There are 2 protein chains.
Amino acid sequence: MSEVAVKLTGRLSPRDEWAADGCPIAGTLEVIGARSSFLLLREAFYGCTRFDDFARRAGISEPVAAARLRELVDHGLLAREPYQEPGKRTREQYALTPKGAEILPVLTALMDWGNRWLADSPQVQLRHRECGAAVSAELRCASGHAVAPGELDLVPGAGSRRRR
Amino acid sequence: MSEVAVKLTGRLSPRDEWAADGCPIAGTLEVIGARSSFLLLREAFYGCTRFDDFARRAGISEPVAAARLRELVDHGLLAREPYQEPGKRTREQYALTPKGAEILPVLTALMDWGNRWLADSPQVQLRHRECGAAVSAELRCASGHAVAPGELDLVPGAGSRRRR
DNA sequence: CGGCATCCTTAGGGATACTG
DNA sequence: CAGTATCCCTAAGGATGCCG
């Protein structure tokens, strides 16, 4: 069995101090790493806004849904907002913030991989509304080139600046 | 606070039977959903091959590393292979398979989000070796268009066919 | 409808010590 | 070096029931 040439070879090896929490991947997992968090975000993208729908469609119990939704709100990925349909009482809804909306590539990449490699799960595709073509999360550089895994270097330090 | 226009509006709402395991996202999480699995895969991309390095650099204990590595091997994301440096004894190494290599967009998307939104984690960037530009996981359709979140439709059914 | 309180089970994960 | 064995703790999560 041959070795797969996908390592980010070259000058990449990060220092050992990169243990768990000193890395943006690990940091992101601290925020959305729970299974139910992924599922709730999935439902948010699917259009869920109400508590009951979140719990039912994500297939998780209400206490868990309540806890995770609160976490997501506290971390600023979802915003809880009152809304009122004419003639009805005030209700609460959960809506994605820009910070939460940018999780979409993560979910898309997970969906892509599942579609390709999991034989027992149904295929689900995102499509570009204008042209109908399948959408996936692919590696691109800022210059617009499609990037293969072997063409990557890993560099520490400042890249795009943080927003908040 | 205004609503964010990022829902995949249109004819998207999946049926309720989409509970946890009937979705490629949930399916993928069944395979790599544990925190330590992500971290081990991260290290595999960073070039780790040996057990000790996996455990130490991922910052997890040996028993956990052993359990997760076995899972990843069982699921076909890593391959355990004997290798031998000249004049030394045989050793085992873990190498990414094509199935495992395709997790890279997931990790890249997680890294992107952490770089942008987590003020307390160090910035780490992937760069395109040829041109030096920053690499990210971005949404593209098969026709090559960059796709904004609001331009998406979700469709069930066959997309790219499974390999194995 | 949108939760919270309580109780319980399981899975993830750390520490330590030991083996081939 | 590459694990295993044991023990224990904590977090994730389900079930049920109650409340404004």
Side-chain angles (χ1 to χ4, degrees), chain A residues 16 19-21 23 25-26 29-44 48-75 78-95, chain B residues 16 19-21 23 25-26 28-44 47-75 78-95:
Chain A
D16 294 2
D21 50 38
C23 152
I25 296 175
L29 291 174
E30 291 293 318
V31 177
I32 60 159
R35 200 187 128 72
S36 45
S37 302
F38 281 100
L39 299 180
L40 288 171
L41 287 169
R42 179 192 73 185
E43 292 306 327
C48 260
T49 58
R50 283 164 29 239
F51 180 86
D52 262 26
D53 290 338
F54 273 111
R56 200 187 66 254
R57 306 208 336 196
I60 61 182
S61 63
E62 287 98 338
V64 172
R68 295 291 153 269
L69 285 172
R70 194 201 329 267
E71 281 180 16
L72 292 172
V73 169
D74 289 348
H75 282 115
L78 295 179
R80 201 177 162 198
E81 302 164 12
Y83 75 104
Q84 189 161 17
E85 293 175 10
K88 302 202 173 181
R89 59 175 255 230
T90 305
R91 296 178 187 281
E92 297 288 335
Q93 68 180 348
Y94 297 85
Chain B
D16 294 2
D21 50 38
C23 152
I25 296 175
T28 302
L29 291 174
E30 291 292 318
V31 178
I32 59 159
R35 199 187 129 71
S36 46
S37 302
F38 281 101
L39 300 180
L40 288 171
L41 287 169
R42 179 193 72 185
E43 292 306 325
C48 260
T49 58
R50 283 162 30 239
F51 180 86
D52 260 28
D53 290 338
F54 273 112
R56 200 187 65 255
R57 304 211 333 197
I60 61 182
S61 63
E62 287 98 337
V64 172
R68 295 290 152 271
L69 285 172
R70 193 196 332 265
E71 281 179 18
L72 292 172
V73 169
D74 289 347
H75 281 116
L78 294 179
R80 203 178 159 198
E81 302 165 10
Y83 76 104
Q84 188 162 19
E85 294 176 9
K88 302 201 173 179
R89 60 177 254 229
T90 304
R91 297 178 186 279
E92 298 287 336
Q93 68 180 349
Y94 298 86

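Note on naming: letters A, B, ... go to the chains in the order of the sequence lines (proteins, then strands), and numbering restarts at 1 for each one. Treat the numbers as computed from the prediction; the structure is a model and nothing was measured.
Per the geometry, CD belonging to B:Gln93 stands 14 Å off C1' belonging to D:dC1, to the nearest Å. Protein atom CZ of A:Arg80 is 12 Å distant from nucleotide atom C1' of C:dC1, rounded to whole Å. Residue A:Leu69 contributes atom CG, which lies 8 Å from atom P of C:dG3 at whole-angstrom precision. The interatomic distance linking B:Leu29 (CG) with D:dG13 (P) rounds to 10 Å, in whole Å. Taking atom CD of residue A:Glu92 and atom P of nucleotide C:dC4, one finds them 11 Å apart after rounding to whole Å.
With sequence neighbours left out, B:Ala34 forms a side chain to side chain contact (heavy atoms under 4.5 Å, CB included) with B:Ser36, B:Ser37, B:Arg68. Looking at residues two or more places apart in sequence or on another chain, you find a side chain to side chain donor-acceptor pair (under 3.5 Å) between B:Arg50 and B:Asp53. Listed by chain and number, the residues in a salt bridge (Lys or Arg N to Asp or Glu O under 4.0 Å) with A:Arg80 are A:Glu92 (sequence neighbours excluded). A search for side chain to side chain donor-acceptor pair (under 3.5 Å) contacts involving B:Thr28 returns nothing, not counting sequence neighbours.
The line from CG of B:Leu69 to CG of B:Leu78 is 6.5 Å long, rounded to the nearest 0.5 Å. Going from atom CD of A:Glu43 over to atom OG1 of A:Thr49 covers 11.5 Å, rounded to the nearest 0.5 Å. To the nearest 0.5 Å, atoms CZ (B:Arg56) and CD (B:Glu62) are separated by 10.5 Å.
Between A:Arg56 and the phosphate of C:dC1, there is no side-chain N or O to OP1/OP2 separation shorter than 4.0 Å. Using a 4.0 Å cut-off, no side-chain N or O of A:Arg50 falls inside it from OP1 or OP2 of C:dC1. Between A:Tyr94 and C:dG3, a side-chain N or O to OP1/OP2 separation shorter than 4.0 Å is present.
Using a 30° and 60° split on the angle between ring planes, B:Phe38 and A:Phe38 fall in the parallel class, below 30°.
Here the shortest heavy-atom pairing between A:Arg35 and B:Ala26 reads NH1-O, 3.8 Å.
The side-chain contact (heavy atoms from CB on, under 4.5 Å) with A:Arg70 is formed by just one residue from the set A:Asp74, A:Leu72, A:Val73; it is A:Asp74.
Taking 4.5 Å as the limit, every side-chain heavy atom of A:Arg42 sits out of range of all side-chain heavy atoms of A:Arg57.
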Check the interface with nucleotides 4-6 of chain D: list each N/O to N/O pair with the protein under 3.5 Å, or write none.
unit_1: D:dT4; atom_1: OP1; unit_2: B:Arg70; atom_2: NH1; d: 3.4

Just the table, please: protein N/O against nucleotides 9-13 of chain C N/O, every pair under 3.5 Å.
unit_1: C:dG13; atom_1: OP1; unit_2: B:Ser36; atom_2: N; d: 3.4
unit_1: C:dG13; atom_1: OP2; unit_2: B:Ser36; atom_2: OG; d: 2.4
unit_1: C:dG13; atom_1: OP2; unit_2: B:Arg68; atom_2: NE; d: 3.4

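Direction change of the helix axis from one end of the helix from C:dC1-D:dG20 to C:dG20-D:dC1 to the other is 50°, with five pairs defining each end axis (rounded to 10°).
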